[in-house]
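A short worksheet on the structure shown next.
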Amino acid sequence: MTSETKAKVAIAGGGLLGRLLAWRLCQRELDITLFEAGDLSVPVGGACWTAAGMISPLSELVHSDKQVYNLGLKSLELWSEWARELEQQSGLGVEYRRAGSVLVAHGKDRNELLQFLRELQGKLGESAKEQVQLLDSSALAKLEPSLHGFEQGLYLRDEADINNHRLLPALLSVLCRGTVTLREHSKVNCEAGYIYVNSEREQFDCVVDCRGLGAKGQIEGLRGVRGEVIVVESHEVALQRPVRLLHPRYKLYAVPRSDGRTVIGATEIESEDFSPISLRSCMELSSALYSLNPAFAEARIVETRVNCRPATMDNMPYIHIENGLVRVNGLYRHGYLLAPALVEQVAQQLLQVV
């Protein structure tokens, strides 16, 4: 490349990773093209739209590798900065909230809560005292008045969430105004230095493949894990932050939105089935939500969502870098937790070679 020629970078996949990477790179002297197999406008396809947008390094630490936790901490700091920057550039709110999260368990499942605390303390050591607070019933009621009937809870201070249904359109708005070339309805294959669209080959200085399950044939062991969520609307119950209910059989989260809606999820089923939500999942999620506060009984189910998360065999993120090609995939249930840290890592690598 000469100093007068912009390096050409193709990004395959217009989900969370693709949009974030295009946004960060378009602020550099690069010629960016973003390819998306479907439509970039709302509703966005893929797991990034179905998810609840939680950024929960502590909640995930118990059941995940320490690398996920470390990347999550990095993402927490980046989200704080990037959310402000994106709101300024787009003029749209993304509802980034860093108010921590609460974990509760019913009396018969109290040991689940205490075991979770012990495992966190074991992994965090002395820093657990600053990051995790065991709440009695009065402290819990003060922090989350809408939770009923719980004797104890855990408050994880350093966690956040973001409204993905505000974030993704805001990213698209900025990309449309900028210098990024957007190619919708363009199903592609990726090779080092080349994008194949409709049997035609286009050359780039570097190709970044973040197609999720669209890259399944090119990443060994990549699989889909089905997830189902319900969205309810209630003006009687107002949670202040994400709440997780610990249960021996399933994990439930409830993430409140500013419009009186609450996102409840999420099942984890080893299947690539995209069919509508099952009756069993609907009943389990609904009954668990009702157990947080009986007033949820009058909530209206306004939406159900089903998608499949891209996951590797060990459920760890996948990054492959070679001359002219970068593949990023396998974020599993950690999309919003890991994306900024991985995007920054990939962007730094790209800027060194193009």
Side-chain angles (χ1 to χ4, degrees), residues 10-22 24 34-38 44-57 59-76 78-79 164 168 187-192 206-229 251 265-274 305-322 325-350:
I11 300 173
L16 177 63
L17 275 174
R19 291 181 194 220
L20 280 177
L21 184 59
R24 301 313 297 174
L34 177 63
F35 294 87
E36 167 56 35
V44 180
C48 64
W49 186 257
T50 305
M54 292 187 296
I55 308 157
S56 310
S59 297
E60 295 296 334
L61 179 57
V62 169
H63 302 293
S64 302
D65 190 272
K66 190 69 176 286
Q67 181 187 352
V68 171
Y69 170 73
N70 291 332
L71 288 169
L73 291 182
K74 178 64 176 175
S75 288
L76 262 179
L78 289 172
W79 274 126
N164 51 331
L168 294 168
K187 190 173 182 178
V188 304
N189 285 318
C190 303
E191 290 184 3
C206 189
V207 173
V208 184
D209 183 359
C210 40
R211 290 175 292 157
L213 288 178
K216 187 176 179 182
Q218 297 177 288
I219 299 177
E220 184 178 358
L222 190 67
R223 74 193 200 281
V225 179
R226 177 179 165 98
E228 303 156 307
V229 303
K251 309 181 187 77
T267 58
E268 289 182 35
I269 302 168
E270 287 290 339
S271 167
E272 293 185 18
D273 175 13
F274 286 86
R305 305 177 198 154
V306 175
N307 223 301
C308 290
R309 314 168 181 93
T312 59
M313 296 307 294
D314 61 0
N315 295 332
M316 293 294 290
Y318 174 90
I319 298 182
H320 169 82
I321 300 175
E322 62 180 270
L325 179 65
V326 178
R327 297 192 195 275
V328 191
N329 215 310
L331 271 63
Y332 185 38
R333 65 169 186 251
H334 306 129
Y336 288 86
L337 177 64
L338 301 182
L342 296 180
V343 162
E344 184 177 71
Q345 182 178 333
V346 170
Q348 290 173 351
Q349 292 280 346
L350 279 175

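Numbers here are sequence positions counted from 1.
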Test item: Leu61 and Lys66 side chains (from C-beta on) under 4.5 Å apart, heavy atoms: yes
Check: Cys48 main-chain N/O paired with Asn164 side-chain donor or acceptor under 3.5 Å: yes
Donor-acceptor contact below 3.5 Å, side chain Asn329 vs main chain Gly212: yes
Minimum heavy-atom distance between Val229 and Gly265, given as atom pair plus value: CG1-CA, 3.9 Å
From CD (Glu272) to NZ (Lys216), nearest 0.5 Å: 3.0 Å
Asn315 CG to Leu331 CG distance, which is reported to the nearest 0.5 Å: 11.5 Å
CD1 on Ile219 to CG on Asp209, rounded to 0.5 Å: 6.0 Å
Distance-minimising heavy-atom pair for Pro57 and Leu73: CG-CD2, 4.1 Å
Separation of Trp49 CH2 from Leu168 CG (nearest 0.5 Å): 6.5 Å
From CD (Glu344) to CG (Leu71), nearest 0.5 Å: 11.0 Å
Closest non-hydrogen atom pair, Ala341 against Ser75: N-OG, 3.1 Å
Gln349 (side chain) donor-acceptor with Ile321 (main chain) under 3.5 angstrom: no
Donor-acceptor under 3.5 Å (Thr312 side chain, Met316 main chain): yes
Whether over 12 other heavy atoms sit under 6.0 Å from Glu322 CD: yes
Salt-bridge contact Arg223-Glu270 (side-chain N to carboxylate O under 4.0 Å): yes
Flag, side chain of Trp79 to backbone of Tyr336, donor-acceptor distance under 3.5 Å: yes
Tyr318 (side chain) donor-acceptor with Ala311 (main chain) under 3.5 angstrom: no
Any Arg309 side-chain heavy atom under 4.5 Å of Glu268 side chain: yes
Main-chain N/O of Glu228 paired to Thr267 side chain as donor or acceptor, under 3.5 Å: yes
Given Leu342, Leu338, Val343, the one that forms side-chain contact (heavy atoms from CB on, under 4.5 Å) with Val328: Leu342
Residue pair Leu34 / Gly14: nearest heavy atoms and the distance that separates them: CD1-CA, 4.1 Å
Donor-acceptor pair, side chain of Arg226 and main chain of Ile269, under 3.5 angstrom: no
Residue from Asn189, Ile11, Leu17 passing side-chain contact (heavy atoms from CB on, under 4.5 Å) with Arg211: Asn189
Taking every non-hydrogen atom, the tightest pair across Gly38 and Glu36: N-OE2, 2.9 Å
Parallel, tilted or perpendicular, as decided by the 30° and 60° cut-offs, for the rings of Tyr332 and His334: perpendicular
Heavy-atom side-chain contact between Arg327 and Cys190 under 4.5 Å: yes
For Cys308 against Ala47, the heavy-atom pair lying closest together: O-CB, 4.0 Å
NE2 on His63 to CZ on Arg333, rounded to 0.5 Å: 7.0 Å
